[in-house]
Protein chains: 2
Amino acid sequence: MPERTTPRSSYHHGDLRAQLIAAVAELVETHGPDGFSVAEAARRAGVSSAAPYKHFKDRPELLRAVASAGMDRLRDAMETAAARHRAGSYESVAAIGQAYVDFARAGPGVFRLVFGLTEGHDGDPHLEGKGAACFGVVLRAVAAVLERSPDDPIVRIRAYALWTFVHGHSFLTIDRKTKGKFELQDEWAFLMQVSASILGGH
Amino acid sequence: MPERTTPRSSYHHGDLRAQLIAAVAELVETHGPDGFSVAEAARRAGVSSAAPYKHFKDRPELLRAVASAGMDRLRDAMETAAARHRAGSYESVAAIGQAYVDFARAGPGVFRLVFGLTEGHDGDPHLEGKGAACFGVVLRAVAAVLERSPDDPIVRIRAYALWTFVHGHSFLTIDRKTKGKFELQDEWAFLMQVSASILGGH
DNA sequence: TTACATAAGTTAGCGACACTTACTTTGCAA
DNA sequence: TTGCAAAGTAAGTGTCGCTAACTTATGTAA
């Protein structure tokens, strides 16, 4: 466990904000969302325990920044995954779902943070905007399949149905509630089948 | 905000364990999972801050007890809901889902606790058993619809698909990510449609 | 180049909390 | 009645969140 990633030569750190976010993301992953402390993150970045408060108002704001960064990575992963398939194909939709699940599996702590943070942080417009952007990726993919506008209610409700499915599967997966019900290749088949079933439904 | 529910007459409390669990459940609901403190719970129960440690090893064990009690209530609600409909009907399955969502909406904090606790509390056999019992309710209902054994792989996978759907919808609902996509009566129709679609699928 | 406002660090300290230890009160069983 | 274990208390330790007051570096304007 590295006490400090890059030893500091000067009085000023230069990259503290980003390093704090990274440290917290790591801590959340290993010690759980409540098992992290601002002090410990500061220690890892090699600064005093008061330094973080020059960059973040308080502990929740730091957590929110981690969640925000996580959402950026999630949206990026979804977009990349979708782009690997023909627009309008079931595969493109399933791939988005696969990226979602993979993201959750790769960082359960951050994933939980991203989707469990609305608790005390109600209605942060910044975070809500990023959430909407993520949903937008799904909307566009579904719209392409159905050959309709992303604003069409039918598109929205089917996209939502897909989202709930994938979201639930992700959560149950990282909570280990699945207990060997699915193997890796089965998961892709599962996602494809669900996508087709929801998008092809009458 | 009541400082103490039932004033204590004797030195011994008599019902501290249960009152602590109730106090924590309330605190989790209002202040979030990390916004509660053992000290505050003790204060509400009218005892010293050291008293809880006569009943619970540490903070996580107290949280686990709250989650465990929550799971009991959830399973009970699911069973009650299922019993209100004919065994083998789609309604019985949808009703289980509705009970699940209602439970989440009624107590988002506890719900999140129940399904987010596997984080640091990996593999508590007690909790896992209760989780399996909840899934058992779904399994039996699905088995009745499909007229197969609850151990049949087909039953298990369809029950799992339903679970992911309802679970995802619950989470997105309490996270307010739905933003007026569904009204109350629409939700029942949604659950019925999904149940029929998954259980009636080829 | 130099002056200086400001950004970004520091130490010191307060109150709260998790948890321990040692002590006290009480109910119950022999 | 006595004695013991269960269940409470008070006091203390180390950590944490956060603030206040201070110091150091940096970029800009004269």
Side-chain angles (χ1 to χ4, degrees), chain A residues 1 3-28 30-67 113 117 119-121, chain B residues 1 3-28 30-67 113 117 119-121:
Chain A
M1 43 193 76
E3 283 259 322
R4 208 193 296 168
T5 314
T6 50
R8 200 159 34 122
S9 52
S10 60
Y11 184 86
H12 283 324
H13 188 289
D15 191 33
L16 183 53
R17 192 189 151 91
Q19 276 200 24
L20 281 175
I21 291 179
V24 168
E26 201 183 309
L27 283 170
V28 162
T30 57
H31 296 81
D34 46 344
F36 109 95
S37 71
V38 175
E40 175 66 21
R43 222 168 287 133
R44 296 216 175 182
V47 295
S48 78
S49 62
Y53 296 95
K54 297 291 174 181
H55 296 269
F56 303 96
K57 184 176 140 286
D58 53 13
R59 191 179 186 277
E61 188 172 299
L62 176 49
L63 269 180
R64 242 174 295 150
V66 174
L113 197 67
L117 212 57
E119 194 75 24
H121 314 251
Chain B
M1 44 193 77
E3 282 260 320
R4 207 193 297 167
T5 314
T6 51
R8 199 159 37 124
S9 53
S10 61
Y11 184 85
H12 284 324
H13 188 288
D15 191 32
L16 184 53
R17 192 189 152 89
Q19 276 201 24
L20 282 175
I21 292 180
V24 169
E26 201 183 310
L27 284 170
V28 162
T30 58
H31 296 81
D34 45 343
F36 108 95
S37 72
V38 175
E40 175 66 19
R43 222 169 288 134
R44 295 215 175 184
V47 295
S48 77
S49 63
Y53 296 95
K54 296 292 174 180
H55 296 270
F56 303 96
K57 184 175 139 288
D58 53 13
R59 192 179 186 276
E61 187 173 300
L62 177 48
L63 269 181
R64 240 175 297 152
V66 175
L113 197 66
L117 212 57
E119 193 74 26
H121 314 253

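We name chains A, B, ... by the order of the sequence lines, and we start the count at 1 in each one.
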Worksheet item: Quick one: on DNA chain C, does B:K54 or B:R59 contact a more 5' nucleotide (nearest heavy atom)?
Response: B:R59
Starting at [atom1] of [X] and ending at [atom2] of [N], how long is that distance when rounded to a whole Å?
X     : N      : atom1 : atom2 : value
B:E40 : C:dG15 : CD    : P     : 18 Å
A:D15 : D:dT26 : CG    : P     : 15 Å
B:L20 : D:dA7  : CG    : P     : 13 Å
B:L16 : C:dT26 : CG    : P     : 16 Å
B:D34 : D:dC16 : CG    : P     : 16 Å
B:Y53 : C:dA22 : OH    : C1'   : 17 Å
A:F56 : D:dC16 : CZ    : C1'   : 18 Å
B:R17 : D:dA6  : CZ    : C1'   : 15 Å

Worksheet item: Which nucleotide in the list C:dC17, D:dC18, D:dC16 gets nearest to the side chain of B:A39?
Response: C:dC17
Discussion item. Quick check for you: to the nearest 0.5 Å, what is the distance between B:F36 atom CZ and B:L113 atom CG?
Written reply: 8.5 Å
Worksheet item: Hey, is B:E61 close enough to B:R64 for a salt bridge, meaning N to O under 4.0 Å?
Response: no
Taking only the side-chain nitrogens and oxygens of [X], find out if one of them lies under 4.0 Å from OP1 or OP2 of [N].
X     : N      : result
B:H55 : D:dG8  : yes
A:S48 : C:dG9  : no
A:R43 : D:dT15 : no

Worksheet item: Residues two or more places apart in sequence or in another chain: which of them pass side-chain contact (heavy atoms from CB on, under 4.5 Å) with B:A50?
Response: B:S48
Discussion item. Any non-hydrogen side-chain atom of B:R44 less than 4.5 Å from a side-chain atom of B:E26?
Written reply: yes
Worksheet item: Got B:D34 and A:R59 here, is their nearest side-chain heavy-atom distance under 4.5 Å?
Response: yes
Worksheet item: So what does B:A50 hit on the nucleic acid, given a heavy-atom distance under 4.0 Å: a base, only sugar-phosphate, or nothing?
Response: base
